Number of protein chains: 2
Amino acid sequence: MSDLLERLRGRGWRMTAQRRVVAEVLDGDHVHLTADEVHARAVARLPEISRATVYNTLGEMVMLGEVLEVSTDRRAKRYDPNAHRPHHHLVCARCGTIRDVRPTGDPLADLPDAERFGFTVSDVEVTYRGTCPDCASA
Amino acid sequence: MSDLLERLRGRGWRMTAQRRVVAEVLDGDHVHLTADEVHARAVARLPEISRATVYNTLGEMVMLGEVLEVSTDRRAKRYDPNAHRPHHHLVCARCGTIRDVRPTGDPLADLPDAERFGFTVSDVEVTYRGTCPDCASA
DNA sequence: ATCCTACGATGGACTTTGTCTAAGTCAAGC
DNA sequence: GCTTGACTTAGACAAAGTCCATCGTAGGAT
């Protein structure tokens, strides 16, 4: 059931109940959870799991490239298990809903050398902002 | 000297010593300050200015569209007085340095209707990440 | 010029998000 | 089934930001 778990085990991860639960929560169909939301759902399955462990585990998954950190607002980081497929985000300015989107074109190619100031550019994050249909009609 | 102040006054802003100081700090040549940095510089000119006032004032400037809120890392929002010229940001993953850049192309146009999910898309924020020359050589 | 009053400022408590640490626990190799 | 070092825990701590009751003052009215 859990691709994520398989991949993590394959990387020599020590498998603990806590890590399993965090991976399972992320692997559900609810993407873009905040760390605290992950913790809340993890607690439902494993009541004694601590916040620190959830933070640590999420951080490790990000390090391993299995999960993406998304920062669409300054409230909290969100975690996106969709790390294998490149995509960007569309955020409602009112309610905070996030959708994954795949724009055409490659924004990395749109940054000319003259605008790179000697940086080694490795990544680009695009966030579209707007109003979702629900908020627009309210 | 201060375009920003002129524009704000023109919008019927009540002019107070505190607001003047915040506008002047932003209007200097240091761009991309955090709220706390703005506060620190404001205190240097007006020792009794409070943090809440700096936050309120920055928030109002953002509302009025005179200043841009940039969130390149999770640590703190940064404020960019360059709101009149569209631009994006290039951030060093190591030291956090931020440069303004102007990519070619329009990312908004790159988002097809089919990927908009009924949203009214009004804005796009692009953040390039990489390593700056200083950090690369260190 | 002075007065009024609503708008703005204050500071300190509070909240949210995240990090750190010291001590205890347990997965996995032997 | 031991051992060991990686993992987990609870709670203290920190940073960034918000809220609120109260006080002060900019700027229009007189």
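In what follows, chains carry the letters A, B, and so on, assigned in the order in which the sequence lines appear, proteins first and then strands, with residues in each chain numbered from 1. Everything numeric in this text was worked out from a predicted model, so none of it was measured.
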In residues 102-112 of chain A, what donor-acceptor pairs under 3.5 Å come from side-chain atoms, sequence neighbours left out?
{"residue": "A/Thr104", "atom": "OG1", "partner": "B/Asp110", "partner atom": "O", "Å": "3.2"}
{"residue": "A/Asp106", "atom": "OD1", "partner": "A/Leu108", "partner atom": "N", "Å": "3.0"}

Side-chain donor/acceptor pairs under 3.5 Å, residues 53-61 of chain B, sequence neighbours excluded:
{"residue": "B/Thr53", "atom": "OG1", "partner": "B/Ser50", "partner atom": "OG", "Å": "3.2"}
{"residue": "B/Asn56", "atom": "ND2", "partner": "B/Ala52", "partner atom": "O", "Å": "3.3"}
{"residue": "B/Thr57", "atom": "OG1", "partner": "B/Thr53", "partner atom": "O", "Å": "2.7"}
{"residue": "B/Glu60", "atom": "OE1", "partner": "B/Arg19", "partner atom": "NH2", "Å": "2.9"}

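Of the residues in residues 40-47 of chain B, not one comes within less than 4.0 Å of DNA chain D through any heavy atom. Of the residues in residues 55-65 of chain A, not one places a heavy atom less than 4.0 Å from an atom of DNA chain D.
Following rounding to the nearest Å, A/Leu8 (CG) and C/dA27 (P) show an atom-to-atom distance of 17 Å. The separation between A/Lys77 atom NZ and D/dA16 atom C1' is 14 Å, rounded to whole Å. Separating the CE atom of A/Met15 from the P atom of C/dA28 is a distance of 8 Å, rounded to the nearest angstrom. Residue A/Trp13 contributes atom CH2, which lies 16 Å from atom C1' of C/dA28 at whole-angstrom precision. In this structure, A/Arg78 places its CZ atom 15 Å from P of C/dT16, rounding to the nearest Å. Rounded to whole Å, the distance from CG on A/Leu33 to C1' on C/dT17 is 16 Å.
Members clustered with A/Ile98: A/Val91, by chain and number, using a 4.5 Å side-chain heavy-atom cutoff among hydrophobic residues. Alongside B/Val70, the hydrophobic cluster contains no other residue (criterion: ILVMFWY side chains under 4.5 Å).
One N or O on the side chain of A/His87 and one on the backbone of A/Arg85 form a donor-acceptor pair closer than 3.5 Å. No donor-acceptor pair under 3.5 Å is formed between the side chain of B/His89 and the backbone N or O of B/Glu125.
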Restricting to nitrogen or oxygen on both sides, can you table the protein-nucleotides 24-26 of chain C pairs closer than 3.5 Å?
{"residue": "C/dC26", "atom": "O2", "partner": "A/Arg14", "partner atom": "NH2", "Å": "2.9"}

With the criterion being N/O to N/O and under 3.5 Å, what pairs connect the protein with nucleotides 10-15 of chain D, and how long is each?
none

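For A/His88, the ring-ring contact (aromatic ring centres under 6.0 Å, His included) criterion is met by no residue, not counting sequence neighbours. Qualifying side chain to side chain donor-acceptor pair (under 3.5 Å) partners for B/Arg14, counting only residues two or more places apart in sequence or in other chains: none. Applying the salt bridge (charged side-chain N to carboxylate O under 4.0 Å, His left out) test to A/Arg20 and every residue at least two apart in sequence or in another chain returns nothing.
Ranking C/dG8, D/dG27, D/dT18 by closeness to the B/Thr16 side chain, first place goes to C/dG8.
Note on A/Gln18: a side-chain N or O is less than 4.0 Å away from OP1 or OP2 of D/dT9.
Comparing the end axes of the helix from C/dA1-D/dT30 to C/dC30-D/dG1, each fitted to five base pairs by superposing C1' atoms of four pairs onto the next four, gives an inter-axis angle of 30° (nearest 10 degrees).
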